[in-house]
Amino acid sequence: NHFETGECRFDCFDPVIDLSERFERLARDERILGAVSELYGERASLFKDKLIFKPPGAAGYGLHQDYISWESFPETFVTVIVAIDSADASNGATEVFPGYHKSGLLGPRDGMYRELTAAQVDVSKGVTLDLEPGDMAIFSGYTPHRSGPNRSSQWRRLAYFSYNAFSEGGDQREKHYAE
């Protein structure tokens, strides 16, 4: 929603690669798969894909972890952000909280999306991911993160591709979206 007026703002396609051949090629690009595979020490598999195109005025997302404890959700879940537009604090860039990924899930293992509180995460430790078009950032599904509102007059488009280690279920994207 708009951060001042509350007006409903559509800001995300999830999934996106079914709508765009270009995004499908990007999600499966060897430069991304190679980097994530190197982190795993084995082949990475695409799990989830979305485009957040945060228009001017769109509110941000609250502090949360991407990992949701569904029975089928891979523990090796990582997210790769690919910047289409510049991202910074003025347009609601993603802010991550390093080190917390080592603690695993900070909320209950009940399969529900839950926002985190300042009591669970030291918000003074946040790092804003200032990105330029073509930049990539990778973080664990356990990394707490959030984003502020887009206070600029420009759209801020970021592609979010999430992967799992192949040994943790192989290619699960179709199954995930079917669930």
Practice item. Using the side chain to side chain donor-acceptor pair (under 3.5 Å) rule, pick out the option among Glu115, His145, Arg146 that qualifies with His64. Key: His145
Check your understanding: Is the backbone of Gly170 close enough, under 3.5 Å, to the side chain of Asn164 for a donor and an acceptor to pair up by distance?
Key -> yes
Review point. Roughly how far, to the nearest 0.5 Å, is the CD atom of Gln172 from the CZ atom of Phe166?
Key: 10.0 Å
Point to revise | Inter-residue atom distance Asn91.CG - Lys54.NZ, 0.5 Å rounding | key: 7.5 Å
Practice item. Keeping the roles fixed (side chain from Ser140, backbone from Val78), state whether a donor-acceptor pair exists under 3.5 Å. Key: no
Review point. Can you find a pair of side-chain heavy atoms, one from Asn150 and one from Gln154, that are under 4.5 Å apart?
Key: no
Review point. So, for Ala44 and Ser37, which heavy atoms are closest and what is the spacing to 0.1 Å?
Key: N-OG, 2.9 Å
Practice item. Report the C-alpha separation of Ile32 and Glu30 in whole Å, then their side-chain angles, then the decisive distance to 0.1 Å, and conclude whether the side chain to side chain contact (heavy atoms under 4.5 Å, CB included) test is met. Key: CA-CA 5 Å; Ile32 297 172; Glu30 191 53 42; over 6 Å; no
Check your understanding: With a 4.5 Å limit on heavy-atom distance, are the side chains of Met112 and Ile68 in contact?
Key -> no
**Study point:** Note: Asp14-Lys48 ion pair, threshold 4.0 Å (strictly below)
**Key:** yes
Review point. Does Arg22 CZ have over 12 foreign heavy atoms under 6.0 Å away?
Key: no
Check your understanding: Going by distance alone, is a donor N or O of one side chain under 3.5 Å from an acceptor N or O of the other, for Thr128 and Asp130?
Key -> no
Check your understanding: For Glu179, does the CD atom have more than 12 heavy-atom neighbours from other residues, nucleotides or ligands under 6.0 Å away?
Key -> yes
Review point. Among the clusters formed by ILVMFWY side chains lying less than 4.5 Å apart, do Ile81 and Leu46 turn up in the same one?
Key: no
Check your understanding: To the nearest 0.5 Å, how far apart are CD in Glu38 and CG in Leu33?
Key -> 13.0 Å
Review point. If you draw a 6.0 Å radius around CD in Glu174, do more than 12 non-hydrogen atoms from other residues or ligands fall strictly inside?
Key: no
Review point. So, does Trp70 use its side chain to make a donor-acceptor pair with the main chain of Gly111 at under 3.5 Å?
Key: yes
**Study point:** Geometric class of the Phe77/Phe73 ring pair [parallel <30°, tilted 30-60°, perpendicular >60°]
**Key:** tilted
Exercise for review: Grab the two heavy atoms, one from Gly104 and one from Tyr142, that are nearest each other, plus how far apart they are.
Suggested key: C-CD2, 3.3 Å
Study note, to complete from the structure: Nearest heavy-atom approach of Arg114 to Pro108 is NE-CG, 3.5 Å
**Study point:** ILVMFWY cluster, Leu116 and Val123 together (side-chain gap under 4.5 Å)
**Key:** yes
Practice item. Flag the pair Leu158 / Val82 as yes when at least one side-chain heavy-atom distance between them is below 4.5 Å, and no otherwise. Key: no
Review point. Between CG of Leu51 and CD1 of Ile17, what distance do you get to the nearest 0.5 Å?
Key: 12.5 Å
Review point. Does Lys175 pair with Asp171 as a salt bridge, N-O distance under 4.0 Å?
Key: no
Exercise for review: Output yes when Asp11 and Arg9 qualify as a salt bridge under the 4.0 Å nitrogen-oxygen rule, no when they do not.
Suggested key: no
Review point. What closest approach, in Å, do Thr76 and Ala165 show between heavy atoms, and which atom pair accounts for it?
Key: OG1-N, 2.9 Å
Revision key, fill the gap. In short, Tyr61 meets Cys12 closest at the heavy-atom pair OH-CB, 4.3 Å
Check your understanding: Where is the tightest heavy-atom contact between Tyr113 and Gly62, given as atom of each residue plus distance?
Key -> OH-O, 4.2 Å
Practice item. Would you please indicate if the ring centroids of Phe23 and Phe13 are separated by under 6.0 Å? Key: no
Practice item. Answer yes if the side chains of Tyr160 and Thr94 hold a donor-acceptor pair under 3.5 Å, and no otherwise. Key: yes
Check your understanding: Does any donor atom in the side chain of Asp49 or Tyr163 lie under 3.5 Å from an acceptor atom in the other side chain?
Key -> no
Check your understanding: Do Leu63 and Phe97 have side chains that get closer than 4.5 Å, going by heavy atoms?
Key -> yes
Review point. Do other residues, nucleotides or ligands put more than 12 heavy atoms under 6.0 Å from the OH atom of Tyr40?
Key: yes
**Study point:** Pair Asp66-Thr79, side-chain donor/acceptor within less than 3.5 Å
**Key:** yes
Point to revise | Cluster link Phe161 to Tyr177, ILVMFWY, side chain under 4.5 Å | key: no
Check your understanding: What distance separates Leu26 CG from Glu24 CD, expressed to the nearest 0.5 Å?
Key -> 11.0 Å
Exercise for review: State, without any angle test, whether Tyr67 and Glu75 hold a side-chain donor-acceptor pair at a distance under 3.5 Å.
Suggested key: yes
Practice item. Check whether any side-chain heavy atom of Leu106 lies under 4.5 Å from a side-chain heavy atom of Gln65, and answer yes or no. Key: yes
Check your understanding: Can you check whether Phe47 reaches Pro74 side chain to side chain, under 4.5 Å on heavy atoms?
Key -> yes
Exercise for review: Could you check if a side-chain atom of Ile52 sits within less than 4.5 angstrom of a side-chain atom of Lys50, using non-hydrogen atoms only?
Suggested key: yes
Exercise for review: Drop me the distance from Ile84's CD1 to Glu132's CD, to the nearest 0.5 angstrom.
Suggested key: 14.0 Å
Exercise for review: Decide yes or no for Leu105 and Ser69: does some side-chain heavy atom of the first lie under 4.5 Å from some side-chain heavy atom of the second?
Suggested key: yes
Point to revise | Linked, directly or transitively: Ile138 and Leu129 (ILVMFWY side chains, under 4.5 Å) | key: no
Review point. Any chance the side chains of Ser167 and Glu42 put a donor and an acceptor closer than 3.5 Å?
Key: yes
Review point. With the 4.5 Å side-chain cut-off for hydrophobic clustering, are Leu131 and Phe139 part of the same group?
Key: yes
Check your understanding: With distance as the sole criterion, is a donor-acceptor pair present between the side chains of Tyr100 and Asp122 under 3.5 Å?
Key -> no
Check your understanding: Is the backbone of Ala93 close enough, under 3.5 Å, to the side chain of Ser147 for a donor and an acceptor to pair up by distance?
Key -> no
